[in-house]
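Here the structure is a predicted model, which is why all the values come from computation and not from measurement. Letters go in sequence order (proteins before strands), and every chain restarts at 1.
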Amino acid sequence: MKIEVDFDKCQSNAVCMQIAPSVFEVRDDGYLYVLDESPEDSLQPLVEQAAASCPTQAIKIVSRS
Amino acid sequence: MPKRCVIIGASLGGFRSARELRRVGFSGEITLIGEESFSPYQRPPLSKQLIKKTFPLERCFLRGSVAEPFSQQLGLTATALDSHAKKIQLSDGKEISYDLAIVATGAKPVTITTAAPSDRVIYLRTIDDALRLRDQLSNEVRIGVVGAGFIGSEVASSLSHQVSRVVLFDSDEQPMSKAIGPYLAQALKELHESNGVETIFGTSVSIVDSQNEDFVSIETPSQQFAFDVVVIGIGVRPATQWLKDSDSLHFDAVGALMADKTGRVLDTDDLYVVGDASSWFDPIYQQHLHVEHFESTVNQAMQVARSITGAPSIDYELPFAWTEQHGQLIQTVGVRMEDSKDEVIHQKDHLLVTFHSSEKITGAALFNNSEALEWTKSEILASLS
């Protein structure tokens, strides 16, 4: 799978980080970093939950394996 | 020939306009003029996470920078604009001329005359306001929140388990009912109450802030309360007073500067407006809309940069907002008209309320139901077009 974050919409709420911390990290500088743009298949349910839970809908799953 | 673009307002709309101008190839000089001393920041966290002590201030600041030639003048306001001579008067007595100007001055809280802003009467709008509130919090503090719109309702939620008492007041019967409709508003009211927020709704209040007392008093016709801090969120008004002497500008009923669907101020050249100060013509709703939310401002900033440079327009997006209270996510999309007939759709633990007016779906609110957001947007767009 491949994910994309729309940083124009991201508000650094860190909801994604709480759900999938191995993929999303909001650092002390306040910005979201995508640690893994192509996470392995086993992470797909968590990444889908993170994308759905983002308050601003900034996370898109652009391809699924 | 390179031009000078002056942007008045250095918050989300102003900063994003500047950054977007560079992204679409504007090579002229950009000057950003801002009233506050902070670097450009976003407001959504202020009433949600920032007033909880665990949230770092850095997370509020906006990402990115603007390439040269760029100058930022903070701690300064614009006091007048001459759209014919293309000059802006500044609070330090200087004047700045522009080829292009973007008004991004946002909005100011509506204030109550008997309750002047102070350390114990807070109109939450800026980082300073939020930090002033945060600095006073302890588990002994009693907080009164007047106004149960987005800001007041969020503040009550954020503080509910942090202080000794939170009482939320509104003249309406429910919180946020204009935005989310009475059904979800009732659910939100019950959510507040089950989290220890006392709700005093459907009554007028008067605030008495006497220097002789060590508390601020809030009185309803039948009760009297004493608070250590009172937070007031009874709405905002577009910060456009400084433009009122300018000829040929048009303002809507709340004072927002009116623009066409590209962001260009009506009956002007080279003058644009974004964010809370603006009312853009919306091509889907076929009317001017004044929207006070992050996402609309972001989209307007992107569009204005394209309008100025002639780059292709962005895709249309419906107005969108979200709030999180007591751990529950509420999102709104589209518009809830005053005559709205609401329809409640249950989907297991999730809720969707659609707003209907003139036999069309004009908007919706979703309760812990972001999976349904994209589908809801397409239903609204299909209904309106």
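At a 4.5 Å heavy-atom cutoff, B:R43 makes no contact with chain A through either its backbone or its side chain. Only the backbone of A:D28 comes within less than 4.5 Å of a heavy atom of chain B; no side-chain atom from C-beta onward does.
Atom CG of B:L62 sits about 14.0 Å away from atom CZ of A:F7, to the nearest 0.5 Å. Going from atom OH of A:Y31 over to atom CZ of B:R59 covers 12.5 Å, rounded to the nearest 0.5 Å. If you take CD on B:E58 and OG on A:S12, they are separated by 11.5 Å, rounding to the nearest 0.5 Å. Atom OG1 of A:T56 and atom CZ of B:F320 lie 7.0 Å apart (nearest 0.5 Å).
With 3.5 Å as the limit, one finds no donor-acceptor pair spanning the side chains of A:Q11 and B:Q49.
A 6.0 Å sphere centred on NZ of B:K377 holds more than 12 heavy atoms belonging to other residues, nucleotides or ligands. The neighbour count for B:K178 NZ, taken as heavy atoms of other residues, nucleotides or ligands under 6.0 Å away, does not exceed 12.
Highest contact tally toward chain A, considering only B:Q42, B:K48, B:E371, is held by B:Q42 [criterion: heavy-atom pairs under 4.5 Å]. Ranked by non-hydrogen atom pairs under 4.5 Å with chain A, the options B:E374, B:R23, B:E20 are led by B:R23.
For the pair B:L329 and A:S53, the tightest heavy-atom approach, listed with the atom from each and the gap, is CD2-O, 4.0 Å.
Residues A:Q57 and B:L373 meet the side-chain proximity criterion, which asks for heavy atoms closer than 4.5 Å.
A salt bridge does not link A:D8 to B:R63: none of the charged nitrogens lies less than 4.0 Å from a carboxylate oxygen.
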